[in-house]
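Every heavy atom of this structure was used, including side-chain atoms; hydrogens, water molecules and symmetry mates were not. Keep in mind it's a predicted model, so treat the numbers as computed, not measured.
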Amino acid sequence: MEPLYQYAWLIPVLPLLGALVVGFGLISFSETTSHLRRPSAIFIMALMAIALGHSLAILWSQSHGHAPYTQMIEWAAAGSLHIVMGYVIDPLAAMMLVVVTSVAFLVMLYTDGYMAHDPGYVRFYAYLSLFGSSMLGLVVSPNLVQVYIFWELVGMCSYLLVGFWYDRKSAAEAAQKAFVTNRVGDFGLLLGMVGLFWATGTFEFGEMGDRLTELLNSGLLSSQLAAILAILVFLGPVAKSAQFPLHVWLPDAMEGPTPISALIHAATMVAAGVFLIARMFPVFEQLPIVMDIIAWTGAFTAFMGATIAITQNDIKKSLAYSTISQLGYMVMGMGVGAYSAGLFHLMTHAYFKAMLFLGSGSVIHGMEGVVGHDPNLAQDMRYMGGLRKYMPITGLTFLIGCLAISGVPPFAGFWSKDEILGAVFHANPAMWVLTWLTAGLTAFYMFRMYFMTFEGSFRNVPAELQAHHDQGHGKHHAAEPHESPWTMTVPLVVLAIPSMLIGLLGTPFNNLFEAFVHAPGEAIAAHSFDLTEFLVLAGSSVGIGLIGITVASLMYLKGTPSPQSIAKAIEPLYQFSLHKWYFDELYDAVFVKGCRRLARQVLEVDYNVVDGVVNLTGFVTMVTGEGLKYFQNGRAQFYALIVLLAVLGFVIFSVQT
């Protein structure tokens, strides 16, 4: 069994090798490599499949009680400072390795159909492989330094993939927005990790927690300073996992190709923030105020994301706000101490949300044949309807995803989300009420999405609007949508299986997941199970979800009451939700335009003061030089006369004073 762990470093290296080989081909032999479309894709998928097989073997070994394995080498040393690199394989890493490799492989298979006609097909696969390698490297990192390195690589890949269609203005701007917003959180993470190293003398997760305990108990480090450092570290996950107030980049990131929306912004990259909270749990759990901040940040984000998603008409952006909301549940679970519950929801969400995003891509692919390649038409749910008739596989798998995320038993989302809600109920009843209402909103907006897209009759785009858009995007060529090719539908069917069944690993009757992935330092003990409490709490969450589904069916199937009449009756609230709580407008006014005003004022100071002083200095030097040159005549007696006059003047001045 040991070779399985000794060669675990191959898991992130294999996708990196694929990215390097294909990337080198694109740089050195661009035309030839670009024509080797299918061989390049098969090569990259084969390497990811090997990484997936290795990850599954490690997960199997860890589930059967193999001790965590760590391999380290000294990377840098200066005096007493020693920084090591390597990899760690423990239950958390094993679980995340399988999640990342399995979703990445299915997304790569799906990409072959979705990007079949894109000229950047090969480049896209190289980016996918590089991202997979970066995320896998982050998962096995044993300390904060290595996490930070791969953290930034993941951010770079996000920038490349969101802006993949860089000739589209909206995509280029979305990539910049994602990059800049994440830099804010990453700067906080950098400050926090350096501060914690200053306090504890280590970057290792476990050692950092132990030394922090000693420092706090001895009074050598104040709890207030420790809390500030921990909050700075938490800023990194706030940005990466799109939590309030750094959530604004994720919906715009949907400008990238849909496979990226599924891989990066639903299943893996945004999960990196929750993963880091789990790794830093030994530090956070000692600081109650930090845990409260984490919990309330997650709860507010979950509610906010749900209230925005209920009015969005773009199918991908609606799913993006759904992702923000579900990440809020995970962060909240971590904040109330429900370590395994938060990770359990991370795993289940990765599968059903990846399926939902790939399903939306299948819908867009089918719609583009009717309305053309304009995302404003192909992604607008108001022009869909009745697609289940034309796309039965996509429709069925999308319905499974909606049931899972809405918390309908026995689908995966019910078990993971209910476990978080149960922990929140015991920790803070007010927070539970907020997130219980959010569960109802989740069911409403997900089935609003399903009914608008797949049920009823196909609405299509009005002829006059279609004619206007045809001028810039090419005419459509089909009368009705069509089902996607097998390379796109097979991943949907495969992802539907864990979306239905994987939640059974974490049932409260026999919680195998909690026994496998437990908090660091926590002893595995049998927990008493209160059936009555479970039925009450689970029944309430299922009940509010069914209410949300019922309201959605009445509004979007029966049309009574009509969505338009509801929107008109609550016009201010509707506009508030439709405009995403006006965060984009607020940030544009405060930060974008504010920075521009500040830059103009600095330019004025630079031009009038700094440049003025420099120019004045030069002018004075020039004038004095011009004047003094007339005194330079080369006569020694003239110089002696000047010296005599100067001395005489100095004597007279001294006598008078």
Could you tell me whether the side chain of [X] and the main chain of [Y] form a donor-acceptor pair under 3.5 Å?
{"X": "Trp249", "Y": "Ala175", "answer": "no"}
{"X": "Thr394", "Y": "Gly359", "answer": "no"}
{"X": "Gln312", "Y": "Ile308", "answer": "yes"}
{"X": "Ser406", "Y": "Leu403", "answer": "no"}
{"X": "Ser499", "Y": "Leu495", "answer": "yes"}
{"X": "Lys316", "Y": "Ser261", "answer": "no"}
{"X": "Ser540", "Y": "Leu537", "answer": "yes"}
{"X": "Glu483", "Y": "Ile393", "answer": "yes"}
{"X": "Tyr390", "Y": "Gly366", "answer": "no"}

Quick one: [atom1] on [X] to [atom2] on [Y], what's the gap to the nearest 0.5 Å?
{"X": "Met332", "Y": "Ile420", "atom1": "CE", "atom2": "CD1", "result": "6.0 Å"}
{"X": "Phe303", "Y": "Thr442", "atom1": "CZ", "atom2": "OG1", "result": "11.0 Å"}
{"X": "Ile324", "Y": "Tyr329", "atom1": "CD1", "atom2": "OH", "result": "14.5 Å"}
{"X": "Lys240", "Y": "Leu189", "atom1": "NZ", "atom2": "CG", "result": "9.0 Å"}
{"X": "Met95", "Y": "Phe513", "atom1": "CE", "atom2": "CZ", "result": "4.0 Å"}
{"X": "Met391", "Y": "Met488", "atom1": "CE", "atom2": "CE", "result": "7.0 Å"}

What I want to check is whether the side chains of [X] and [Y] have a donor and an acceptor closer together than 3.5 Å.
{"X": "His345", "Y": "Gln326", "value": "yes"}
{"X": "Glu255", "Y": "Ser170", "value": "yes"}
{"X": "Tyr351", "Y": "Ser102", "value": "yes"}
{"X": "Lys353", "Y": "Ser322", "value": "yes"}
{"X": "Ser562", "Y": "Ser565", "value": "yes"}

Which atoms form the tightest heavy-atom contact between [X] and [Y], and what is the distance?
{"X": "Ser241", "Y": "Leu327", "result": "O-CD1, 3.2 Å"}
{"X": "Ser577", "Y": "Ile310", "result": "OG-CG1, 3.9 Å"}
{"X": "Met446", "Y": "Cys402", "result": "O-SG, 3.6 Å"}
{"X": "Pro259", "Y": "Leu358", "result": "CA-CD2, 4.4 Å"}
{"X": "Ala262", "Y": "Val107", "result": "CB-CG2, 4.3 Å"}
{"X": "Phe357", "Y": "Thr323", "result": "CE1-OG1, 3.6 Å"}

- prompt: Does a salt bridge link Arg382 with Asp380, judged by any charged N lying under 4.0 Å from a carboxylate O?
  reply: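 Looking at Asp380 together with Arg382, the answer is yes, because their closest N to O distance falls below 4.0 Å.
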
message: Strictly below 4.0 Å, N to O, side chains only: are Asp584 and Lys177 in salt-bridge contact?
response: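 A salt bridge is present here (some side-chain N lies under 4.0 Å from a carboxylate O).
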
- request: Using the ring pair (Phe, Tyr, Trp, His ring centres under 6.0 Å) rule, pick out the option among Phe300, Tyr587, Phe244 that qualifies with Trp581.
  value: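 Only one option passes, and that is Phe300.
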
Heavy-atom side-chain proximity of [X] to [Y] below 4.5 angstrom:
{"X": "Ile549", "Y": "Val408", "value": "yes"}
{"X": "Asn511", "Y": "Glu419", "value": "yes"}
{"X": "Ser325", "Y": "Thr301", "value": "no"}
{"X": "Leu421", "Y": "Thr435", "value": "yes"}
{"X": "Ser360", "Y": "Thr258", "value": "yes"}
{"X": "Phe411", "Y": "Thr348", "value": "no"}
{"X": "Leu263", "Y": "Leu128", "value": "yes"}
{"X": "Met135", "Y": "Cys157", "value": "no"}

- prompt: In a check of side-chain contact (heavy atoms from CB on, under 4.5 Å) between Val490 and each of Val494, Leu492, Thr487, which one passes?
  reply: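 Only one of Val494, Leu492, Thr487 forms a side-chain contact (heavy atoms from CB on, under 4.5 Å) with Val490, namely Val494.
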
- prompt: Does the gap between the ring centers of Phe583 and His247 come in under 6.0 Å?
  reply: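 Close enough - the centres of the two rings lie under 6.0 Å apart.
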
Qualifying residues under side-chain hydrogen bond (donor to acceptor under 3.5 Å, both in side chains), relative to Asn428, sequence neighbours excluded: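 Once residues adjacent in sequence are excluded, Asn428 has no partner under the side-chain hydrogen bond (donor to acceptor under 3.5 Å, both in side chains) criterion.
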
Can you tell me how the ring of [X] sits relative to the ring of [Y], calling it parallel under 30°, perpendicular over 60° and tilted otherwise?
{"X": "Tyr450", "Y": "Phe398", "value": "parallel"}
{"X": "His349", "Y": "Phe352", "value": "perpendicular"}
{"X": "Tyr556", "Y": "Phe444", "value": "tilted"}
{"X": "Phe534", "Y": "Phe414", "value": "perpendicular"}

message: Run Lys593 and Arg597 through side chain to side chain contact (heavy atoms under 4.5 Å, CB included) and show every step you take.
response: CA-CA 6 Å; Lys593 293 179 180 176; Arg597 284 194 296 268; 3.9 Å; yes

query: Crowded around Ile566 CD1? As in, over 12 foreign heavy atoms under 6.0 Å?
result: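 Above 12, so yes.
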
message: Taking atom OH as the centre, does Tyr166 end up with more than 12 heavy-atom neighbours from other residues, nucleotides or ligands that are less than 6.0 angstrom away?
response: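 Open.
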
message: Here's one to test your reading of the geometry: is the NZ or CZ of Arg183 within 45 degrees of the ring axis of Phe179 and under 6.0 Å from its centre?
response: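 Verdict for Phe179: a cation-pi partner in Arg183.
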
task: Using the ring of Tyr321 (Phe, Tyr or Trp, six-membered ring only), decide whether Lys580 places NZ or CZ under 6.0 Å from its centre and within 45 degrees of its axis.
output: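 The answer is no; the distance or angle limit is not met.
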
task: Test side chain to side chain contact (heavy atoms under 4.5 Å, CB included) on Met384 and Met452 and set out the steps.
output: CA-CA 7 Å; Met384 299 178 187; Met452 288 181 70; over 6 Å; no

Side chain to side chain contact (heavy atoms under 4.5 Å, CB included) between Met555 and Arg448, intermediate numbers included: CA-CA 8 Å; Met555 292 177 63; Arg448 168 186 180 266; over 6 Å; no

- request: Please name all residues satisfying ring-ring contact (aromatic ring centres under 6.0 Å, His included) with Trp165, sequence neighbours left out, ordered by chain then number.
  value: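 Trp165: no ring-ring contact (aromatic ring centres under 6.0 Å, His included) contacts found.
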
query: Run the side chain to side chain contact (heavy atoms under 4.5 Å, CB included) check on His365 and His482 step by step: do they pass?
result: CA-CA 8 Å; His365 185 268; His482 58 83; 3.6 Å; yes

